[in-house]
There are 2 protein chains.
Amino acid sequence: MLRGPRARRHHGGRWRVLARVERFAEPALLLLLRERPAHGYDLLERLPELTGEARVEMGNLYRLLRGLEEEELVSSEWDASSPGPAKRRYAITPAGERLLDHWAEALRRSQERTARFLARYEERR
Amino acid sequence: MLRGPRARRHHGGRWRVLARVERFAEPALLLLLRERPAHGYDLLERLPELTGEARVEMGNLYRLLRGLEEEELVSSEWDASSPGPAKRRYAITPAGERLLDHWAEALRRSQERTARFLARYEERR
DNA sequence: TCTTACATGTGTCTTTCACATATAGATGTG
DNA sequence: CACATCTATATGTGAAAGACACATGTAAGA
């Protein structure tokens, strides 16, 4: 129950807690794409700037990108211009920008909840 | 992909984003129990003080409490003193308090990550 | 030639969580 | 008394997100 990907056993019989925001990869991708269009591998390398220690797994990233495209939150096309393996270049859509705005609001509310939690935690530490 | 329990369809064909912290019910329970021992139903009513709009579902709460007890993060005993249906009174253990401390640290790191995200979001809004 | 970096994917299992349902004692209301 | 409601604790089940492993192909460099 406490085991698993988000709270892993770790040397010394303690649980490693990450306290990640659910589906944080999604707003992170949208934010990176709002700054500039990019392809998947590029996003994979830039994501840790936003997600930190909690890396996004490669396979899931590409699935997430295709999911976002199905929802018309991003668009993509094969980029034949540059050399090397074929790459798909993604760009954010207006609907994607609106969703990012909603994420930002939700993240602000999340910040407030967590701040209240931490204040209450410190109260009688 | 964007559907489901955490991002629900909502009037007007838009996705409601909640941005909750994963497994937040766990530190919330530990914090409430550190303040004073309580039984499940009592915790169920007090949890919204910490979780806000994101309610904890009853069935999952009792499962979570038993899971925490298996890990010896809380202890419990049947409370025959008060009238009404039998209730199980939970208390936090020293291991539970240590885990709560780890959650607090993780939540602070989460706050910083989210703050960086929001700052970057505002940058070129 | 062989390895490594770049680039995009699929298969599959576990964990978390939502939603529905079951059980039972106590209390109030017609 | 019958019936509903509140208190209290559970189980069953299915969907979504994510971890981990693997597959495929191009290109550059040792």
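Each chain gets a letter, A, B and so on, in the order its sequence line appears, and its residues count up from 1.
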Item checked: Pairs touching residues 84-95 of chain B that satisfy salt bridge (Lys or Arg N to Asp or Glu O under 4.0 Å), sequence neighbours left out ->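 Output for this query lists B:D79-B:R89.
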Assess the residue pair B:R116 and B:Q111 against the criterion (side-chain contact (heavy atoms from CB on, under 4.5 Å)); give the C-alpha distance rounded to whole Å, side-chain angles, the decisive distance to 0.1 Å, and a yes or no. CA-CA 9 Å; B:R116 275 196 304 277; B:Q111 287 282 78; over 6 Å; no
Open item on the list: Please give me every residue in residues 35-45 of chain B whose heavy atoms get under 4.0 Å of an atom in DNA chain D, ordered by residue number.
Closed with: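 Residues of residues 35-45 of chain B under 4.0 Å from DNA chain D: B:H39, B:G40, B:Y41.
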Please confirm whether the shortest side-chain N or O distance from A:R20 to OP1 or OP2 of D:dA19 is below 4.0 Å.
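Yes, such a contact exists.
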| query | Counting only side-chain N and O atoms of B:R23, is one of them less than 4.0 Å from OP1 or OP2 of D:dG18? | reply |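 Checking B:R23 against D:dG18: no side-chain N or O falls below 4.0 Å of OP1 or OP2.
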**Study point:** ring-ring contact (aromatic ring centres under 6.0 Å, His included) contacts touching residues 104-125 of chain A (sequence neighbours left out)
**Key:**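 Found A:F117-B:F24.
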TODO: Mind jotting down which residue pairs meet the ring-ring contact (aromatic ring centres under 6.0 Å, His included) criterion with at least one end in residues 50-95 of chain B? Sequence neighbours excluded, please.
DONE: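 Residue pairs passing ring-ring contact (aromatic ring centres under 6.0 Å, His included), neighbours aside: none found.
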Those residues that, when tested against [X], pass side chain to side chain donor-acceptor pair (under 3.5 Å) (two or more places apart):
X	answer
B:E49	A:R120
A:E69	A:S76
A:S82	none

Which atoms of nucleotides 11-13 of chain D (N or O only) lie under 3.5 Å from a protein N or O atom, and what are those distances?
| unit_1 | atom_1 | unit_2 | atom_2 | d |
| --- | --- | --- | --- | --- |
| D:dT11 | OP2 | B:R66 | NH1 | 2.8 |
| D:dT11 | OP2 | B:R66 | NH2 | 2.5 |
| D:dG12 | N7 | B:R63 | NH1 | 3.2 |
| D:dG12 | O6 | B:R63 | NH2 | 2.6 |

Identify, with sequence neighbours excluded, every residue that meets side-chain contact (heavy atoms from CB on, under 4.5 Å) alongside [X].
X	answer
B:E122	A:R108, B:R125
B:E57	B:N60
A:A106	A:R109, B:V17, B:A19

Measure [atom1]/[X] against [atom2]/[N] and give the value in whole Å, please.
X	N	atom1	atom2	value
B:E26	C:dT15	CD	P	14 Å
A:R46	C:dC6	CZ	P	15 Å
B:E22	D:dG18	CD	P	8 Å
B:F24	C:dC17	CZ	C1'	16 Å
B:Y90	D:dA8	OH	C1'	11 Å
B:L18	D:dA16	CG	C1'	14 Å
A:L61	D:dA19	CG	P	12 Å
B:R89	D:dT9	CZ	C1'	15 Å

A correct 5'-to-3' footprint of nucleotides 24-30 of chain D, with B, S and - meaning base, sugar-phosphate only and no protein heavy atom under 4.0 Å, is -BBS---
### Query
Considering only heavy atoms from C-beta outward, does the side chain of B:L68 approach that of B:E26 to under 4.5 Å?
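Yes, at least one pair of side-chain atoms sits under 4.5 Å.
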